[in-house]
Each structure stands twice: as structure tokens, then as C-alpha cells.
Number of protein chains: 2
Amino acid sequence: MKKEFEILSRAIGDRGLRRTAQRENILKVFLAMEGHFSIENICGEAKKQFPSIGRVTVYRTMKLFEELGLAEKMDRGDGIARYEHKYNHKHHDHLVCVKCGACIEAVSPQIEKLQEALAKKYGFVPAGHKLRIFGICKNCR
Amino acid sequence: MKKEFEILSRAIGDRGLRRTAQRENILKVFLAMEGHFSIENICGEAKKQFPSIGRVTVYRTMKLFEELGLAEKMDRGDGIARYEHKYNHKHHDHLVCVKCGACIEAVSPQIEKLQEALAKKYGFVPAGHKLRIFGICKNCR
DNA sequence: ATATTGTTGAAATCGTTTTTCAATAAAAAT
DNA sequence: ATTTTTATTGAAAAACGATTTCAACAATAT
Ligand SMILES: [Mn+2]
Ligand SMILES: [Mn+2]
Ligand SMILES: [Zn+2]
Ligand SMILES: [Zn+2]
């Protein structure tokens, strides 16, 4: 069984939640998607196998997955929240193409280090950060 | 006369806009505020001297100021857009305190350089970036 | 003064997210 | 197996910031 389902199972046990077809289905669908997805995307995908599922349940379930460390919210700057996989995925920043909307993942260990130093310089205890670089992607030039 | 008012004046001339008390007043109020302010903040301040002013006018006017390079939108991660001064203000990143909401401005030339390099590495032509470091500020520990 | 036309602000609308609540269904108790 | 308990669901409503619409208004040109 995939580790992510075990995490959900454990949370259900620990927190007195109930095992529902909706939760299992949303997790399955979410794990099968690769990239950054809005609630509407995820709900649309889930409806293919579970037509009666409601948008609100997807909102609630993705919030649960966030708490469980399975999903992470990311925000491209438009008003739409998107989710990406978090479990077993390393932190990364995003290069957002302002022309086609593509979103490339990248990370620079040096930048990460310098961010720590910058925070420290201001007596700030850093807990995380979000870096988006906006520009034109390779394909769009 | 402050340079910012000249910029507004020039835009009015160049673009066939009209000189209105609302525009002048919003600019005056905005320039007197130091920090990061929501439309509601700015509108509230403007209403003190100009009670009849409408929220919608502030939205439109701040968008105009953005176009004129007088104001820049920034986003703390809550769903509220905030504006800060742009004219004669250098680019900077933000350290956001997750406890008190304080927002410290900081910049590291090294980070800026490395961001350019990171973008280039992916064939990406960078046009700008937004970096927010979340954590606990000096006062809150 | 008058005509023209950009601007204003209230109200309506939008798009996303949250809340409410009655019906449902999972788990526990019998 | 049946009943009870209570978490979960999904439709509808509400909340929320932001945008659009439009008739009244006011700045500018004639
Ligand atoms: Mn990502
Ligand atoms: Mn700032
Ligand atoms: Zn692109
Ligand atoms: Zn603080």
C-alpha cells in the first residue's frame, strides 16, 4: 500500500475521523496528478470516478491533506490556490511564465542558505519562504 | 511640488485624463502612509479628508498609480492586496512575521544575483520576483 | 454658456472560498 | 442484526475582495 494512504489511515485512527470513499478517492486522484492543481482541477478529476462528489468536500479534504503533510498549497499570483505533492518532495521555488502560465520548479542551495542569513540579520527566526520568479519561459521566447 | 504629483500631472496631460480632487487626495494620503496598506486602509484614510470618496475610486486610482510606477502591489499571503510606495524606492523582499503580521523589508544583492543565475539555468528570462520569508520577528520571540 | 466626454460612486456582479444545515453513512453500542 | 451516536457529505447560502455596470456628475473644450 502506498505510504500516503497509510498516512491517511493513521490520521483516521488517531483523530477519530471516518474512512470514507470520498477521502480515499480524492487522495488517489491527487496522487495521480503531476503538477500544480486547483480545487476545480482536482474536483473535476475526482468526479470522473465519483460523479456525486462535491466541491466543498474537495476543499475540506485538501485542507486535511495539507495538515497531514501530503499536500502543499502554492499560489501563482492569480487568485487561485493550487496544490502540489508534499510527501517525499523536497522544497523548491517556482519560475512562473507570465506568457503561458507554465511553472518550472527549481532550487538553489546557495539561495536557501543566504535566505537564512538574511533573516538572521534582522533577528528573524525563519520558518519557511516562498520565492516566485516571474518571466518568460524557454518555449515562449 | 513633490515629484509624485508631477508624475500624476504629466499622466493627466499625456493620457487625456482629468484632474480630480479624488486623485489628488488619494495620492496625498497614500504618500503620507508609510508601510503596506490595503485598499480599505487607504480608503479609510482618504475618507477623513474626503468623506464622500468611494472604495471603487480608490481601487481604480491605485491601479493607475501602479501603472505610473508610483505604487506597487504586494501580497502577504492572506487574500488582501496591499500597496507600498514604488517611486524612488528600491526593490526589496519581505520578512513576514506569522505571529504579529509585521513585515520587515530586506534585500540581499547576492540572492538577487543568484536568482538571475537560477532563471538562466532553466532558459528562463526573468522579469521580476517575489520573495517572502515567513517566521517569527524579533519582538515576538 | 453649452457640448463633450472622462470620472465618480452605488449597486450589481464576479470568482473563489467558507459556513450552514439537513440528510447520510460510518463506527460504536446494544 | 439492530439501534444509537456522531462524523461527513453536498447543496445552498454567505462571505469576501475585487471588478463591472451605469446613470449622475463634473472637468475641459468649444
Ligand atoms: Mn511546485
Ligand atoms: Mn515593502
Ligand atoms: Zn511560457
Ligand atoms: Zn512579530
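Letters A, B, ... are given to chains in the order of the sequence lines, protein chains preceding strands, and every chain is numbered from 1.
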Taking CG from B:Asn41 and P from D:dG17, how many angstroms apart are they, rounded to a whole number? 11 Å

In this structure, how many angstroms lie between the P atom of C:dA28 and the CD1 atom of A:Ile12, rounded? 12 Å

Heavy atoms from C-beta onward define the side chain here; which of C:dT18, D:dT19, D:dG10 lies closest to that of A:Ile53? D:dG10

Look at B:Arg23 and C:dT7 and indicate whether a side-chain polar atom (N or O) is within less than 4.0 Å of OP1 or OP2. yes

From CD of B:Glu66 over to P of D:dA18, roughly how many Å is that when rounded to an integer? 11 Å

To the nearest 0.5 Å, what is the distance between CD1 (B:Ile80) and CE (B:Met74)? 12.0 Å

Check ion pair A:Arg132-A:Asp75 (N to O, under 4.0 angstrom): yes

Quick one: is D:dT9 close enough that its OP1 or OP2 comes under 4.0 Å of any side-chain N or O from A:Thr20? yes

If you find the nucleotide of DNA chain C closest to B:Gly16 and the one closest to B:Phe50, which residue's nucleotide is nearer the 5' end? B:Gly16

Which nucleotide, D:dG10, C:dG9, C:dT17, lies nearest any side-chain atom of B:Gln22? C:dG9

Out of A:Glu34, A:Glu72, A:Glu4, which residue meets the side chain to side chain contact (heavy atoms under 4.5 Å, CB included) rule with A:His85? A:Glu34

Between D:dG17 (P) and A:Ile80 (CD1): distance, integer Å: 18 Å

Taking OP1 and OP2 of D:dG10, is either one under 4.0 Å from a side-chain nitrogen or oxygen of A:Thr57? yes

Given atom OH of A:Tyr59 and atom P of C:dG15, what is their separation to the nearest angstrom? 13 Å

Measure the distance from CD on B:Glu24 to P on C:dT7 and round it to the nearest whole Å. 13 Å

Need one value for A:Ser52: base, sugar-phosphate or nothing, where a base atom within 4.0 Å counts as base even if backbone is also close, heavy atoms only. sugar-phosphate

To the side chain of B:Arg60, which of D:dG10, C:dT17, C:dT8 is closest? C:dT8

Consider the side chain of A:Ile39, meaning its heavy atoms from C-beta on, and name the nucleotide among D:dG10, C:dG9, C:dT17 that approaches it most closely. C:dT17

Between the base of C:dG6 and the side chain of B:Arg15, is there a donor-acceptor distance below 3.5 Å? no

Whole angstrom value for the distance that separates P of C:dT7 from CG of B:Leu8: 11 Å

Return the minimal non-hydrogen interatomic distance between A:His91 and A:Val107, and the atom names on each side. O-CG2, 4.0 Å

I want to verify a distance call: between C:dA10, D:dG10, C:dA27, whose nearest atom is closest to the A:Arg18 side chain? C:dA27

With side chain to side chain contact (heavy atoms under 4.5 Å, CB included) as the test, pick out the partner of B:Phe65 among B:Glu67, B:Met62, B:Lys63. B:Met62

Is a donor-acceptor pair below 3.5 Å formed from side chain B:Arg19 to base C:dG6, judging by atom type as modelled? no

Report the nucleotide, chosen from C:dT16, D:dT8, D:dG17, that has the shortest atom-to-atom distance to any side-chain atom of A:Leu17. D:dT8

Which of the following nucleotides, D:dG17, D:dG10, C:dG9, is nearest to the side chain of A:Val56? D:dG10

Between C1' of C:dA12 and CZ of B:Arg55, the distance in whole Å: 13 Å

